[in-house]
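Worksheet for the structure shown next.
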4 protein chains.
Amino acid sequence: MTIKRFMELRKAQKENRRQTIVEVAEEILTTKGIDAVTIRSVAKAAGLSVGSIYMYFKNKEELFLCMLLGHLEKLDKAFASRIQGEDALQVLKAMANDYKDYYLACGRHINVIGYLYEQRNQAGEINPTLLNDLETLLASVLAKTQVVLENPAMAPILKGLEASRAIPVMWSIMTGVAELTLTSPRGNQSGFDFDRVLDDTMHILFKKD
Amino acid sequence: MTIKRFMELRKAQKENRRQTIVEVAEEILTTKGIDAVTIRSVAKAAGLSVGSIYMYFKNKEELFLCMLLGHLEKLDKAFASRIQGEDALQVLKAMANDYKDYYLACGRHINVIGYLYEQRNQAGEINPTLLNDLETLLASVLAKTQVVLENPAMAPILKGLEASRAIPVMWSIMTGVAELTLTSPRGNQSGFDFDRVLDDTMHILFKKD
Amino acid sequence: MTIKRFMELRKAQKENRRQTIVEVAEEILTTKGIDAVTIRSVAKAAGLSVGSIYMYFKNKEELFLCMLLGHLEKLDKAFASRIQGEDALQVLKAMANDYKDYYLACGRHINVIGYLYEQRNQAGEINPTLLNDLETLLASVLAKTQVVLENPAMAPILKGLEASRAIPVMWSIMTGVAELTLTSPRGNQSGFDFDRVLDDTMHILFKKD
Amino acid sequence: MTIKRFMELRKAQKENRRQTIVEVAEEILTTKGIDAVTIRSVAKAAGLSVGSIYMYFKNKEELFLCMLLGHLEKLDKAFASRIQGEDALQVLKAMANDYKDYYLACGRHINVIGYLYEQRNQAGEINPTLLNDLETLLASVLAKTQVVLENPAMAPILKGLEASRAIPVMWSIMTGVAELTLTSPRGNQSGFDFDRVLDDTMHILFKKD
DNA sequence: GATGAATGAGTCTTCATTCAT
DNA sequence: GATGAATGAAGACTCATTCAT
């Protein structure tokens with residue numbers, strides 16, 4: 001029993017450390033950009049040695065993958081909470097804001113789909129299990145989008161298009177607005193503001209003639 | 001006379017080489033990704049020495065900027081040809097396809113707006129003239145989008161929104177669809193196809209209830 | 001306890017290596033000139049890899065600075081031991097010989113004052129602490145010169161000039177004699193010998209009419 | 001006759017160009033430092049092509065040598081004009097100022113004696129004739145120093161030391177004062193001013209007890 | 001004679017990864 | 001388990017020198 005307990009404690013501790021490292025890496029990614037995320041900088045910020053990072057992650061790539069997983073999980077949970085919403089417009093806006101958070105934290109630096117494709121098609125040293133996790137999670141996020149779109153309140157918006165085919169449409173819009181408005185700080189020269197562009201997009205999408 | 005001619009030839013030749021280098025760099029960018037675009041790799045692919053690249057471009061940054069300029073110019077010209085179109089839907093689709101070409105070639109790897117912002121706010125060694133060119137060109141592309149949107153045929157789509165505010169909406173949609181569907185080769189696992197998603201987006205946007 | 005001990009050992013070892021690298025660099029500087037001191041050559045001569053040098057020194061500049069500091073410290077100590085001397089002439093000669101060692105080792109290649117000025121006025125990546133150390137040390141050396149000159153035994157030499165103003169005079173003489181006689185190996189074509197020129201200078205300076 | 005004339009013209013023209021190039025190089029050396037003196041920068045500033053420089057100078061080294069020769073020649077002439085002076089102190093001061101000009105222009109960057117030694121002892125690609133010229137000129141400058149020192153007005157200063165042995169003494173002093181006070185711009189932090197240090201040195205040297 | 005494009009070895013510096021302790 | 005020193009290939013960039021035109 002005691003040994004088993006001990007092992008569990010160890011495991012939990014290990015999982016804790018992993019999480020810490022991921023969070024530290026995220027912090028650096030968000031605040032200083034992708035080039036600043038080096039094993040050294042992460043180790044230093046986490047109060048660990050360089051070598052230790054490799055006890056928790058086989059690779060820098062694996063660390064990145066775990067960051068991606070973390071953020072996507074967060075997005076997944078956020079989307080889950082939107083499913084019950086009654087007001088179609090409000091729900092979509094809320095989701096777009098969830099996406100905004102995701103985008104600022106990591107979507108800005110890594111395109112999940114492209115990343116997934118690259119990792120699958122390169123003889124990378126990536127743990128296939130984690131890659132599958134990523135794929136599953138991505139599917140889960142998209143599935144939630146679909147659930148939201150299947151909410152009867154959405155019907156007038158879809159204009160007859162099946163919910164499954166509306167997924168990429170919604171996703172494109174969120175991606176596009178984020179990409180256009182969030183790459184430079186607010187009040188940027190381009191004059192594009194996330195909320196305004198989102199509102200205008202919604203207007204074009206949903207305003208009844 | 002002969003000397004003048006000679007000088008002109010030299011200049012033309014130089015411009016040619018510049019173009020060749022840019023094209024080689026684009027080729028590498030498109031096929032192997034942005035990290036594969038190193039001075040060495042470009043030089044090798046262009047059949048030149050490392051030092052020679054620096055005869056044509058002050059910096060790696062300048063080379064990138066020139067790539068951007070070239071592609072944006074191409075996009076600008078393509079958009080220009082769309083202005084006269086009568087069928088709003090067809091025009092927008094055509095523009096989206098123009099954007100697709102741009103995206104595949106370079107938009108995928110470099111976000112112009114973000115790039116412009118970064119360069120402006122870092123004491124980079126970038127030729128300010130070229131940076132201004134980029135800004136002007138970007139403005140020109142956006143202006144053409146506006147002209148297209150001011151075409152009376154577009155009126156029913158805008159639903160009263162001013163053309164100037166519809167610009168980022170259209171741009172977001174193009175960006176978003178491209179981002180979602182073109183980061184991995186066609187027939188990718190995500191199952192998202194550019195044309196189909198574009199069509200569906202247009203359906204949601206324009207279909208009368 | 002053991003851990004503390006271990007840490008101390010590590011630190012000492014690190015300091016040792018630093019010193020080794022500095023010495024290797026000095027060796028190259030002295031024998032092959034300043035242009036031969038490259039990170040590669042130092043690494044090779046120290047039996048280390050290029051990257052390793054950067055574990056001990058942030059910069060090539062920092063390595064140089066440390067060399068300077070080491071030599072200046074040595075000079076400072078040497079000067080300190082001269083302060084008590086009774087025979088003014090002997091003291092000055094001894095100091096000139098101390099300076100000779102310093103000059104041969106590094107003064108010949110780097111002018112401290114000019115170096116300090118340049119580093120202060122360029123946005124170099126130099127550790128400001130080290131730069132301050134250099135400034136302090138330089139001041140200390142000069143201060144010791146002053147103390148020596150304030151020794152009553154020096155009075156007849158100064159002929160009423162304040163000691164503080166005699167500092168640059170003494171310094172100039174030491175620098176000048178070194179500069180003239182030590183740039184090429186002894187028995188050089190110019191026929192100028194350090195000891196002889198020094199003696200003659202002292203003769204002109206101090207011989208009573 | 002015409003052909004001979006033509007050849008002479010050519011030769012004169014060539015010599016002119018050489019001179020121009022040397023002057024341009026000096027200008028760069030003085031204003032921007034030794035690292036800024038590249039074949040390219042010189043060619044550009046002289047309005048010539050890179051290749052052309054090599055028509056007039058076999059080497060970058062040869063160009064430097066010619067610069068040295070030019071400056072030393074100037075110094076030689078300046079010293080020549082001091083020979084007749086009656087007031088020993090004034091003459092020495094004037095010579096120190098001549099040296100100052102020389103130092104600021106090139107002595108600061110190149111130590112003639114050391115340079116001569118290096119070139120003699122390295123299998124450099126230097127024109128031996130030019131090297132001899134340099135040696136001769138250096139001897140001439142030193143000889144003039146001797147003539148000045150043999151001026152009866154100097155007698156009280158030498159205190160019995162032969163003029164030939166006083167040469168390096170004078171030279172050391174000029175070198176040293178320049179080295180100490182001219183490496184950073186006037187009003188530098190070190191607080192050493194050329195004129196003041198020179199005056200003080202003269203005071204110690206010549207003030208009768 | 002004159003040109004300037006081309007070369008390529010060499011500069012400093014970074015960083016993911018490994019391994020002896 | 002944990003460390004962090006060590007590695008070395010790779011990055012961008014420079015510059016004296018050459019040579020085809």
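Chain identifiers are assigned alphabetically (A, B, ...) following the order of the sequence lines, protein sequences preceding nucleic acid strands; residue numbering begins at 1 within each chain. As the structure is a computational prediction, the values presented were derived from the model and not from experiment.
Regarding B:Tyr56, its OH atom lies at a distance of 9 Å from the P atom of E:dT7, rounded to whole Å. We find that CD1 of D:Ile126 is positioned 15 Å from C1' of F:dT17, with the value rounded to whole Å. Rounding to whole angstrom units, NZ of residue B:Lys44 and P of F:dG11 are separated by 11 Å. Atom CD1 in C:Ile21 sits roughly 8 Å away from atom P in F:dA6 (whole-Å rounding). Separating the NZ atom of C:Lys14 from the C1' atom of F:dT3 is a distance of 13 Å, rounded to the nearest angstrom. In this structure, D:Lys58 places its NZ atom 17 Å from P of F:dA16, rounding to the nearest Å. Atom pair D:Ile53:CD1 and F:dT17:P shows a separation of 12 Å (rounding to whole Å applied). One can place CZ of D:Phe64 at 12 Å from C1' of F:dA16, the figure rounded to the nearest angstrom.
Comparing A:Ile39 and C:Thr38 along DNA chain E, the residue whose closest nucleotide (by nearest heavy atom) sits nearer the 5' end is C:Thr38. Residues C:Leu48 and B:Asn59 each lie close to DNA chain F; by heavy-atom proximity, the contact nearer the 5' end of the strand is made by C:Leu48.
Taking side-chain N and O atoms only, A:Ser52 has a distance below 4.0 Å to OP1 or OP2 of F:dT3. Remark: C:Arg17 is in phosphate contact with F:dA6, judged by side-chain N or O atoms under 4.0 Å from OP1 or OP2.
If you check F:dA20 for Watson-Crick or wobble pairing at under 3.5 angstrom, you find it paired to E:dT3.
When distances are taken from the side chain of D:Tyr54 to each of E:dC12, F:dT18, E:dA16, the shortest belongs to F:dT18. Closest contact between the side chain of A:Lys60 and the listed nucleotides F:dT3, E:dA16, E:dT14 involves E:dA16. Here the nucleotide nearest the side chain of D:Ser49, chosen from E:dG4, E:dA6, F:dG8, is E:dG4. Nearest nucleotide to the side chain of D:Met55, out of E:dT3, F:dT7, F:dT18: E:dT3.
Across all strands shown, C:Arg40 has heavy atoms under 4.0 Å from base atoms, whether or not it also approaches the sugar-phosphate.
Here OH of D:Tyr117 is found 13.5 Å from CG of D:Asn111. Values are rounded to the nearest 0.5 Å. Here CG of D:Leu131 is found 7.0 Å from OH of D:Tyr115. Values are rounded to the nearest 0.5 Å. Once rounded to the nearest 0.5 Å, the distance linking NZ of B:Lys44 with OG of B:Ser49 reads 13.5 Å.
Side-chain contact check for C:Tyr54 and C:Glu62: no donor-acceptor pair (N or O, by modelled atom type) lies under 3.5 Å.
Between A:Glu27 and the options A:Thr31, A:Leu29, A:Thr30, a side-chain contact (heavy atoms from CB on, under 4.5 Å) holds for only A:Thr31.
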